[in-house]
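This report refers to the structure that appears directly beneath it.
Quick caveat, the model's predicted, so the values are computed rather than measured.
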Amino acid sequence: MGCTKLASYKLISFDKIPSTQDYAHELIAQGGARDHTAIWALAQSAGRGRFRRPWVSHHGNLYVSFIYECPERDARLAYAVAVAVAETIASFGIHPTIKWPNDILVDGKKISGALIEYSGRFVIVGIGINVKSNPTVDRYQTTKMDNYSDVPLEALLNRLMRNLDKWRRADFRAVRERWLELAACLNCPVRYQGQVATLVGINENGALVLRRDTRYLLVYGDEISV
């Protein structure tokens with residue numbers, strides 16, 4: 001375990017732990033968390049994504065969880081995180097798109113995902129980026145940054161931190177505009193309340209705008225599946 005200062009963050013680093021996300025939860029529960037804390041592991045033995053799905057976490061990729069003060073839940077955060085990750089990947093000359101809610105794709109294949117969880121007065125933003133390896137997944141295709149560019153892990157982490165700060169503080173109109181520019185899922189079918197609708201955008205509060213026949217619906221993420 002190491003503890004250093006990188007960008008504006010307190011960085012706690014490990015060679016390998018079960019889960020950076022779970023460590024962040026434990027740190028908050030023990031009263032040891034503060035705003036702008038990052039937990040970085042070179043590998044995880046029990047990494048997880050949305051719906052507690054396993055996240056394969058071999059050495060060579062980026063696995064990090066960020067702790068921020070956040071007294072209230074904010075649906076807009078997921079979009080800021082997605083844009084920040086996409087912009088970080090793009091800074092290495094790679095051309096990403098965003099699949100709702102915050103999966104990052106390159107050439108239609110998943111290269112990164114994020115997990116946002118709230119704990120007390122904090123939010124934990126867990127991010128995994130495939131750099132040197134990519135897992136084989138039944139549900140979708142995957143890829144890695146090493147297929148496109150030489151990416152040092154510390155440079156990737158540093159740029160990610162700076163982009164998270166930039167886009168979390170940005171006016172949501174700018175976040176929304178950039179997210180829509182990068183979106184790979186606009187005008188795609190989704191399931192909402194057991195029926196198919198079309199995802200046509202997001203509004204100023206972070207709600208998804210769906211169209212079903214001639215009706216428009218405003219919904220929040222946990223209620224739909226792509």
Side-chain angles (χ1 to χ4, degrees), residues 6-9 11 19-25 28 33 35-41 47-51 53 55 57 61-92 94 96-106 110-119 121-131 145 156-186 199 201-208 220-222 224 226:
L6 188 62
S8 58
Y9 289 78
L11 178 65
S19 162
T20 61
Q21 200 77 353
D22 289 346
Y23 186 92
H25 278 288
I28 293 168
D35 186 53
H36 276 69
T37 297
I39 298 94
W40 175 28
R48 58 185 174 84
R50 297 179 72 227
F51 308 115
R53 291 176 180 141
W55 185 275
S57 307
N61 296 336
L62 184 68
Y63 314 108
V64 58
S65 293
F66 299 97
I67 299 174
Y68 300 110
E69 286 190 1
C70 186
E72 296 180 356
R73 291 179 177 243
D74 188 347
R76 299 171 298 179
L77 176 62
Y79 303 102
V81 169
V83 170
V85 177
E87 291 281 5
T88 300
I89 291 171
S91 73
F92 290 92
I94 303 170
T97 58
I98 299 172
K99 177 180 177 289
W100 183 90
N102 42 33
D103 285 347
I104 308 301
L105 311 181
V106 175
K110 184 172 177 177
I111 200 168
S112 174
L115 176 63
I116 297 174
E117 297 177 319
Y118 291 84
S119 179
R121 61 186 179 91
F122 295 100
V123 63
I124 306 168
V125 178
I127 295 170
I129 302 177
N130 297 335
V131 181
M145 295 185 72
L156 178 64
L157 178 58
N158 202 298
R159 293 187 197 185
L160 178 60
M161 289 173 165
R162 295 182 188 281
N163 275 310
L164 282 167
D165 285 346
K166 172 186 173 180
W167 288 101
R168 285 178 55 250
R169 294 167 180 163
D171 187 283
F172 187 66
R173 288 174 294 183
V175 174
R176 177 178 178 272
E177 180 180 357
R178 188 64 178 132
W179 190 91
L180 292 171
E181 288 174 353
L182 292 166
C185 53
L186 288 183
L199 197 164
I202 56 177
N203 75 356
E204 64 278 3
N205 297 315
L208 292 165
Y220 286 89
D222 291 342
I224 78 161
V226 177

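Rounded to the nearest 0.5 angstrom, Ile104 CD1 and Ile111 CD1 are separated by 9.5 Å. Atom CD1 of Ile98 and atom CG of Asp103 lie 10.0 Å apart (nearest 0.5 Å). The CD1 atom of Ile129 sits 5.5 Å away from the CG atom of Leu160 when rounded to the nearest 0.5 Å. The distance from atom CG of Asn205 to atom CZ of Phe172, rounded to the nearest 0.5 Å, is 8.0 Å.
The salt bridge (charged side-chain N to carboxylate O under 4.0 Å, His left out) search around Glu69 returns Arg121, not counting sequence neighbours. Judged as a side-chain hydrogen bond (donor to acceptor under 3.5 Å, both in side chains), and not counting sequence neighbours, the contacts of Arg173 are Asp171. Applying the side-chain hydrogen bond (donor to acceptor under 3.5 Å, both in side chains) criterion to Arg159, with sequence neighbours excluded, gives Ser91. Remark: Phe92 engages no residue in a ring pair (Phe, Tyr, Trp, His ring centres under 6.0 Å) (not counting sequence neighbours). Residues passing the side chain to side chain contact (heavy atoms under 4.5 Å, CB included) test with Arg168 are His36, Tyr68, Leu77, Asp165, sequence neighbours excluded. The ring pair (Phe, Tyr, Trp, His ring centres under 6.0 Å) search around Trp179 returns Tyr79, not counting sequence neighbours. Judged as a side-chain hydrogen bond (donor to acceptor under 3.5 Å, both in side chains), and not counting sequence neighbours, the contacts of Arg178 are Glu87, Glu181. Taking the side chain to side chain contact (heavy atoms under 4.5 Å, CB included) definition, one finds that Ala207 meets it with Asn203, Leu218, Tyr220, sequence neighbours left out. Under the side-chain hydrogen bond (donor to acceptor under 3.5 Å, both in side chains) criterion, Thr88 pairs with Asn163, not counting sequence neighbours.
Side chains of Gln21 and Leu115 form a contact here, defined as non-hydrogen atoms less than 4.5 Å apart. The shortest side-chain heavy-atom distance between Tyr9 and Leu164 falls under the 4.5 Å cut-off.
The two residues Trp167 and Ala174 make their nearest non-hydrogen contact at CZ3-O, 3.8 Å.
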